[in-house]
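Take a look at the structure set out below.
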Number of protein chains: 2
Amino acid sequence: MKLQVEQKLASKKINPTAMRILVLELLLQQNSAISLSDIEKGLETADRITIYRTLKTFEQNGLIHSIEDGTGTPKYALCVEDCSTHEHYDMHVHFYCNSCEETFCLPDHKIPDISLPTGFSPAEMNLIVKGICENCAQ
Amino acid sequence: MKLQVEQKLASKKINPTAMRILVLELLLQQNSAISLSDIEKGLETADRITIYRTLKTFEQNGLIHSIEDGTGTPKYALCVEDCSTHEHYDMHVHFYCNSCEETFCLPDHKIPDISLPTGFSPAEMNLIVKGICENCAQ
DNA sequence: ATAAGCCATGCAATGGTATTGCATTATTGT
DNA sequence: ACAATAATGCAATACCATTGCATGGCTTAT
Ligand SMILES: [Mn+2]
Ligand SMILES: [Mn+2]
Ligand SMILES: [Zn+2]
Ligand SMILES: [Zn+2]
């Protein structure tokens, strides 16, 4: 198990330090995206700044992607696609539940092509759908 | 001119105070969405908190809508649709220019229908396209 | 084995923003 | 003109992101 985690780090050329292993293990347990504060609460002995830089490193090396879900605080989730340094391919829909306030990746639901006015050239896209998630549906 | 502004406020049942007239006039001059700080800089004698509450009032009464463009600081723009209290119909695409860092409403470009996994029911949507705007295209 | 160098960590400090309470002032309707 | 109501300005609070700097641990070359 720990080996798998360390291999995952190594495959992204990230030095497997104790803190990074802990953060990655926590990320692997989630089924929704989590914030920096969530991680801080989920780990006993962890400095917020170190987690902050750990996440920056993870994101830069294509291990996780950051999600702006409209709450103002970024959420983080593992990349399912084969992302690399500064090359993220997470053009999928994200869902924010107004009830449980969780943010979900929907990697199987790609963002459709969007027509733009002439002169506008797109580079990235971010689509957030807000509503009620499957867990909160009665 | 001032009459038109006051009428616009009255049509949304907003008391036309001096500050509100100033803020609305400033909003009418823009061709891109602006932030609270932008408005604060654009007005000489203006308390940030008052502008903050002015924008909240405008938004609640369907005069402007708030845009989360991924920068973390909300931008505001006039509603083109006929929005009312707590009923916004701004399901259009927003464009953030990575060069000039301006946020544009594209009211003629609606967000297409998005298929979701079973159990997820959508309420609102927010689509941000990032890239280069027409002004910055060389 | 030892020393130097690199990398990661933790602490402190800074800056920005949103949000609320409360007292004062302005506006409205009678 | 007066009373009731609404808006404003100031202060305070609470988060959060971001950077500098000093320390410590691990790696590597000598
Ligand atoms: Mn995702
Ligand atoms: Mn808009
Ligand atoms: Zn939910
Ligand atoms: Zn531009």
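Naming convention: chains lettered A, B, ... in sequence-line order (proteins, then strands); numbering from 1 in each chain.
- Regarding contacts with the backbone of D/dA17, a side-chain N or O of A/R48 is found under 4.0 angstrom from either OP1 or OP2.
- Within the nucleic acid shown, B/P74 comes within 4.0 Å of sugar-phosphate atoms alone, with no base atom in reach, counting heavy atoms only.
- Taking 4.0 angstrom as the limit, A/T73 places none of its side-chain polar atoms (N or O) nearer than this to OP1 or OP2 of D/dC16.
- Going from atom CG of A/N15 over to atom OG1 of A/T57 covers 10.0 Å, rounded to the nearest 0.5 Å.
- Think of the region where chain B sits on DNA chain C: with heavy atoms and a 4.0 Å cut, that region ends 5' and 3' at C/dT17 to C/dG21.
- Between A/Y52 and B/T54, it is B/T54 whose nearest contact on DNA chain D lies nearer the 5' terminus.
- Side-chain atoms of B/I51 and B/E40, non-hydrogen and from C-beta on, do get closer than 4.5 Å to each other.
- One atom, CE of A/M19, and another, P of D/dC26, lie 14 Å apart when rounded to the nearest Å.
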Listed pairs under 3.5 Å, donor-acceptor, residues 98-105 of chain B side chains, sequence neighbours left out:
residue	atom	partner	partner atom	Å
B/E102	OE1	B/S32	OG	2.5
B/T103	OG1	B/D69	OD2	2.6

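- Heavy atoms of B/T57 sit nowhere under 4.0 angstrom from any nucleic acid atom.
- Counting to the nearest Å, the C1' atom of D/dC16 and the NZ atom of A/K41 are 12 Å from each other.
- Atom pair B/E40:CD and D/dT8:C1' shows a separation of 15 Å (rounding to whole Å applied).
- Looking at heavy-atom distances under 4.0 Å, B/R20 makes contact with sugar-phosphate atoms alone, never a base.
- One atom, CD1 of B/I51, and another, P of D/dA7, lie 16 Å apart when rounded to the nearest Å.
- Ring centroids of B/H109 and B/H94 are separated by 6.0 Å or more, keeping the two rings apart.
- If you measure from atom CZ of B/R53 to atom C1' of D/dA11, you get 11 Å, rounded to the nearest angstrom.
- Of the inter-residue distances, the one linking B/I21 atom CD1 with B/L26 atom CG reads 13.5 Å to the nearest 0.5 angstrom.
- Taking B/T54 as the reference, B/M19, B/R20, B/V23, B/T50, B/F58 meet the side-chain contact (heavy atoms from CB on, under 4.5 Å) condition, with sequence neighbours excluded.
- When rounded to the nearest whole Å, the span between CG of A/D47 and P of D/dT18 equals 16 Å.
- The CD1 atom of B/I64 sits 6.0 Å away from atom CG of B/L27, with the distance rounded to the nearest 0.5 Å.
- One finds no side-chain N or O of B/T17 lying less than 4.0 angstrom from the OP1 or OP2 phosphate oxygen of D/dA6.
- Going from atom CD of B/Q60 over to atom P of D/dA6 covers 14 Å, rounded to whole Å.
- Taking atom CD1 of residue B/I49 and atom C1' of nucleotide D/dT8, one finds them 11 Å apart after rounding to whole Å.
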